[in-house]
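A short worksheet on the structure shown next.
Note that the coordinates shown come from a computational prediction; the quantities given were computed from them, not determined experimentally. Each chain gets a letter, A, B and so on, in the order the sequences are listed, and its residues count up from 1.
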Amino acid sequence: MKAEIAKNFLFSQTNKTIAIMYRTHTCGELRIKNVDEEVTLSGWVQRIRDLGAMTFIDLRDRYGITQLVIDENSSKQLIDTFQELGREYVIQAKGSVKERSSKNKNIPTGEIEIDLNSISILSPSKVPPFTIQDETDGGDELRMKYRYLDLRRDVVQKNLILRAKVAHAIRSYLNNENFIETETPVLIKSTPEGARDFVVPSRMNPGEFYALPQSPQVFKQLLMIGGFDKYYQIVKCFRDEDLRADRQPEFTQIDCEMSFVEQNDILNTFEGLTKHLFNEVLEVEVSEFPRMPYFEAMERYGSDKPDIRFGMELKNLTETVKGNNFVVFDSAEYIGGICAEGCASYTRKQLDQLTNWVKRPQIGSKGLVYVKCNEDGTFKSSVDKFYSQDDLKKWAEVLDAKPGDIIFVLSGEKNQTVSALCELRLEMGNQLGLRDKNTYKPLWVVDFPLLEWDDESKRFHAMHHPFTSPKPEDTSMLESDPGKVRANAYDLVINGVEIGGGSVRIFNSELQSRMFDLLGFTPEEANNQFGFLMNAFKYGAPPHAGIAFGFDRLVSLFAGLDSIRDVIAFPKNNSGRDVMIDSPSLVSEGQLKELSLKLDMKEK
RNA sequence: GGUGGCGUAGUUCAGUUGGUUAGAAUAUCGGCCUGUCACGCCGAGGGUCGCGAGUUCGAGUCUCGUCGUCACCGCCA
């Protein structure tokens with residue numbers, strides 16, 4: 001379904017500027033109306049079915065598959081050439097379109113076939129290391145090593161075509177809204193804040209390095225000061241951090257900035273873009289996006305990127321459950337629970353499995369307490385020794401649990417327990433089928449804290465980035481109680497995935513200096529790192545705000561995939577390697593010398 | 001940096017409590033086959049069980065190390 005939409009949108013079944021020398025039609029194009037036409041097709045041999053006196057060849061290109069036929073009446077040249085063919089040979093086939101005597105309803109070209117006059121081999125193929133089919137026999141590693149073969153598979157092409165379609169829809173929407181697409185440099189300057197930079201040595205400036213941008217943040221702000229008013233760019237960004245299924249060292253952002261706007265203008269504009277994309281790409285209407293303050297999201301879902309496709313909200317039980325001599329609870333900083341509807345019938349085995357699940361180091365809980373709310377109004381819990389039926393009834397009231405439901409309770413240190421409950425909630429959502437991939441529930445999470453205390457470096461860090469403006473009504477607390485200050489910062493969250501984030505920026509050099517001061521920069525360091533920006537603020541900086549969307553994540557969400565690798569043509573593996581070109585790699589002594597570099601490596 | 005899973009034929013995998021000659025499917029090659037479309041049938045070839053050490057009469061199987069890969073935690077303003 002999605003594949004069809006994607007293909008039809010950008011590319012019809014017809015190759016629009018066909019070169020007659022190689023083909024008159026594509027392999028997805030011919031129909032019953034073309035019968036008796038003389039045609040030339042080119043493509044890859046998908047499969048050969050040799051029935052003895054008669055042979056069928058499936059010829060494939062990105063538009064589809066067309067069946068070629070050879071029989072015992074065919075010319076010797078044809079039969080000789082056919083003998084040489086194997087999977088993935090690139091051939092050119094000439095013949096006439098015929099109606100099939102037995103039709104295949106499963107493919108669009110299934111009513112016709114090509115009665116061949118001649119075949120020529122344009123390019124032979126070794127036996128490929130895995131089959132080029134939707135359900136390939138190749139594993140991930142092999143597919144990545146031969147990514148150019150993997151890219152021939154329809155399911156992979158479908159994802160990249162979807163990506164092209166999303167990019168197209170973004171550009172057409174933003175161009176229509178008068179945004180100007182502007183490129184910003186890729187070789188820039190390393191900064192201490194944020195993620196680790198990729199660095200590039202400079203030959204002409206020995207001992208000095210460029211950094212690759214983690215985002216074009218300062219450049220888009222300078223474009224606002226440059227009067228560009230509405231900017232966007234679909235741009236590669238780089239972060240030298242460990243990878244995940246949804247994190248690559250180079251990834252693509254839809255980067256946007258606007259002048260003379262406040263937070264609401266940004267939210268409205270990009271809610272519009274998001275709705276447009278859902279509409280254009282998936283033909284899905286999504287309703288108004290709720291706006292939820294950060295603290296509410298943390299309270300109700302234990303996460304700043306809640307999946308609001310389902311309820312099962314977290315409830316604080318700390319006050320309710322303490323004081324019954326149950327040491328685990330009495331000694332806990334925080335006790336919280338969730339209520340899973342209709343799960344009172346969970347078996348001992350299921351409960352044991354969940355208990356083991358929360359005890360995994362990644363979750364890190366010590367154990368799982370449950371309360372079954374029986375249909376007859378009684379309760380059965382794993383802590384009946386400590387709690388009476390009346391006690392458990394109070395728990396059920398807090399969690400709004402009905403007969404037939406089950407309550408899960410975790411306890412411990414507050415942050416750890418809340419995030420464990422959040423994970424448990426998502427896991428239960430999965431188990432109960434509450435996270436349907438075809439349901440989309442976006443929301444804005446707003447009012448993020450401006451700063452975050454970091455125990456390791458014993459200082460505040462910008463939660464978003466150092467250019468984010470505090471809420472005006474909180475500015476007075478900047479020095480007295482920095483942790484309390486809220487920012488004009490917002491995230492777009494869809495189905496529990498952080499799709500985008502942005503903020504209203506500081507556009508006043510004095511306030512920007514206060515921010516750098518709070519973040520532990522000396523005035524010299526601030527001037528050294530960001531003097532150009534502070535200076536620019538002194539020449540008439542307009543109020544401005546912006547946002548960046550994770551393009552890869554957005555496309556994988558649209559494609560219904562969990563990994564962004566599937567929507568990137570040439571992704572890197574878990575260790576940041578491209579196994580096809582085998583990078584990163586060593587460079588020659590000569591190159592190092594030219595760059596004035598010496599390696600200091602342990603034995604490898 | 002850490003936790004866990006996986007690593008066996010070209011490929012995807014199975015391999016019981018440590019015990020005879022390591023299997024299946026698929027791919028490849030050969031033969032048969034006139035309506036297939038995951039064609040079918042018959043046959044053949046194909047193995048450094050990731051690598052190294054250890055335990056043992058005996059290791060694909062157990063232990064340790066190492067490499068690769070995947071998922072996650074830390075990290076990712």
Side-chain angles (χ1 to χ4, degrees), chain A residues 46-60 65-74 86-88 98-107 109-111 113 126-146 149 191-197 214-215 217-218 237-249 251 356-357 359-364 416 419-420 423 448-452 454 456-457 459-468 487 489 498 501-503 515 519 548 550 562-563 565 572-577 579 604:
Chain A
Q46 173 77 20
R47 182 171 277 114
I48 299 168
R49 289 181 295 277
D50 183 354
L51 273 62
M54 169 168 248
T55 298
F56 301 100
I57 299 170
D58 284 343
L59 191 67
R60 184 198 73 235
I65 282 180
T66 299
Q67 177 167 283
L68 315 176
V69 192
I70 301 170
D71 61 30
E72 55 194 354
N73 302 322
S74 300
R87 282 163 55 210
E88 299 306 312
K98 298 287 182 228
E99 182 172 3
R100 292 199 199 181
S101 61
S102 59
K103 300 191 167 71
N104 183 352
K105 293 196 180 94
N106 299 321
I107 58 172
T109 61
E111 288 194 297
E113 62 197 4
K126 289 170 62 175
V127 174
F130 54 89
T131 58
I132 313 296
Q133 297 167 3
D134 288 2
E135 296 295 324
T136 181
D137 61 7
D140 290 346
E141 196 181 347
L142 196 70
R143 286 172 42 216
M144 288 308 150
K145 185 166 178 189
Y146 296 92
L149 297 181
T191 59
E193 286 286 300
R196 224 173 264 122
D197 284 317
Q214 300 171 30
S215 97
Q217 183 60 35
V218 291
C237 301
F238 306 86
R239 290 177 191 174
D240 185 9
E241 297 292 346
D242 285 10
L243 289 82
R244 290 285 189 281
D246 62 350
R247 271 166 31 191
Q248 286 270 304
F251 60 101
N356 287 334
W357 190 86
K359 283 169 137 176
R360 286 162 52 228
Q362 281 83 353
I363 306 293
Q416 184 278 326
S419 74
E423 293 298 328
F448 277 80
L450 183 70
L451 301 161
E452 213 173 12
D454 180 51
E456 209 171 302
S457 57
R459 69 170 179 92
F460 281 102
H461 283 243
M463 192 149 179
H464 190 57
H465 57 55
F467 317 109
T468 300
E498 183 192 329
S503 63
M515 263 304 278
L519 295 172
D562 294 324
S563 169
R565 285 176 208 178
K572 307 230 179 330
N573 76 6
N574 236 13
S575 327
R577 301 198 68 87
V579 293
K604 202 178 170 183

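- Along RNA chain B, the nucleotide closest to A:Lys572 and the one closest to A:Gln217 are compared, and the more 5′ of them pairs with A:Lys572.
- Spacing between B:C39 and B:C33 at atom C1', rounded to whole Å, works out to 10 Å.
- The side chain of A:Asn574 places no N or O atom within less than 4.0 Å of a non-bridging phosphate oxygen (OP1 or OP2) of B:U69.
- Searching all strands for a Watson-Crick or G-U wobble partner of B:U26 with both distances below 3.5 Å returns B:G10.
- B:G18 is unpaired under the criterion used here, namely a Watson-Crick or G-U wobble arrangement in which both key atom distances are under 3.5 Å.
- With a cut-off of 3.5 Å on both Watson-Crick or G-U wobble distances, the partner of B:U63 is given as B:A53.
- For B:U11 and B:C49, the P atoms lie 14 Å apart once the distance is rounded to whole Å.
- Within the nucleic acid shown, A:Ser575 comes within 4.0 Å of sugar-phosphate atoms alone, with no base atom in reach, counting heavy atoms only.
- In this structure, B:C41 forms a base pair with B:G31, meeting either the Watson-Crick or the G-U wobble geometry with both donor-acceptor distances under 3.5 Å.
- For A:Arg247, the side-chain atoms get nearest to B:C76 when compared with the rest of B:G68, B:U3, B:C76.
- B:G10 sits 32 Å from B:C72 when the C1' atoms are compared, rounded to a whole Å.
- Between B:U3 and B:U8, the two C1' atoms lie 26 Å apart (nearest whole Å).
- RNA chain B is contacted by both A:Glu193 and A:Asp140; A:Asp140 maps to the nucleotide lying nearer its 5′ end (nearest heavy atom per residue).
- With sequence neighbours excluded, the residues satisfying side-chain hydrogen bond (donor to acceptor under 3.5 Å, both in side chains) with A:Asp197 are A:Ser190, A:Gln214.
- The residue A:Pro466 sits close to a base: some heavy atom pair falls under 4.0 Å.
- For A:Arg244, a side-chain nitrogen or oxygen approaches OP1 or OP2 of B:C73 to under 4.0 Å.
- In this structure A:Glu111 satisfies the side-chain hydrogen bond (donor to acceptor under 3.5 Å, both in side chains) test with no other residue, sequence neighbours excluded.
- Judged by atom type and distance alone, A:Gln362 does not reach the base of B:C73 through any side-chain donor-acceptor pair under 3.5 Å.
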Applying salt bridge (Lys or Arg N to Asp or Glu O under 4.0 Å), run through A:Arg49 and A:Asp58 and close with a yes or a no.
CA-CA 8 Å; A:Arg49 289 181 295 277; A:Asp58 284 343; 2.9 Å; yes
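- Taking a pair to require two hydrogen-bonding distances under 3.5 Å in either a Watson-Crick or a G-U wobble arrangement, B:G58 remains unpaired.
- For B:G5 and B:A24, the C1' atoms lie 23 Å apart once the distance is rounded to whole Å.
- To the nearest 0.5 Å, the span separating OG1 on A:Thr66 from CD1 on A:Ile57 amounts to 12.5 Å.
- In this structure, CD of A:Glu241 is placed 14 Å from P of B:C73, rounded to the nearest angstrom.
- When the shell of 6.0 Å around NZ of A:Lys572 is examined, it contains more than 12 heavy atoms from other residues, nucleotides or ligands.
- The interatomic distance linking A:Lys145 (NZ) with B:G10 (P) rounds to 13 Å, in whole Å.
- Spacing between B:C67 and B:G74 at atom P, rounded to whole Å, works out to 24 Å.
- Between the CG atom of A:Asp197 and the P atom of B:C76 there is a distance of 13 Å, given to the nearest Å.
- For A:Glu141, the side-chain atoms get nearest to B:U69 when compared with the rest of B:G2, B:U69, B:G74.
- Between the P atom of B:U28 and the CD atom of A:Glu88 lies a distance of 11 Å, rounded to the nearest Å.
- A straight line from NZ of A:Lys126 to P of B:U11 spans 13 Å, rounded to a whole angstrom.
- Residues passing the side-chain hydrogen bond (donor to acceptor under 3.5 Å, both in side chains) test with A:Arg196, sequence neighbours excluded: A:Glu241.
- Looking at heavy-atom distances under 4.0 Å, A:Arg143 makes no contact with the nucleic acid at all.
- In terms of the side-chain hydrogen bond (donor to acceptor under 3.5 Å, both in side chains) criterion, residue partners of A:Arg565 (sequence neighbours excluded) are, by chain and number, A:Asn574.
- Qualifying side-chain contact (heavy atoms from CB on, under 4.5 Å) partners for A:Glu141, counting only residues two or more places apart in sequence or in other chains: none.
- The side chain of A:Thr131 contributes no N or O atom lying less than 4.0 Å from OP1 or OP2 of B:U26.
- One interatomic measurement links the two molecules: CG of A:Leu243 to C1' of B:U69, which rounds to 13 Å at whole-angstrom precision.
- The P atoms of B:A22 and B:G40 are separated by 29 Å, rounded to the nearest whole Å.
- Checked by atom type and distance alone, the side chain of A:Thr109 pairs as donor or acceptor with a backbone atom of A:Ile65 at under 3.5 Å.
- The nucleotide B:G1 finds its pairing partner in B:C73, both defining distances of the Watson-Crick or G-U wobble pair being shorter than 3.5 Å.
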Which nucleotides of nucleotides 29-41 of chain B have their base under 4.0 Å from a protein heavy atom (B), which only their sugar-phosphate (S), and which neither (-), written as one string 5' to 3'?
----BBBBBSB--
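- As rounded to the nearest Å, B:U34 and B:A9 have C1' atoms that lie 35 Å from one another.
- Between the CG atom of A:Asp242 and the P atom of B:C73 there is a distance of 12 Å, given to the nearest Å.
- Atom CZ of A:Arg87 and atom P of B:G10 are 15 Å apart (whole Å).
- A distance of 6.5 Å separates NE2 in A:His461 from CD in A:Glu193, rounded to the nearest 0.5 Å.
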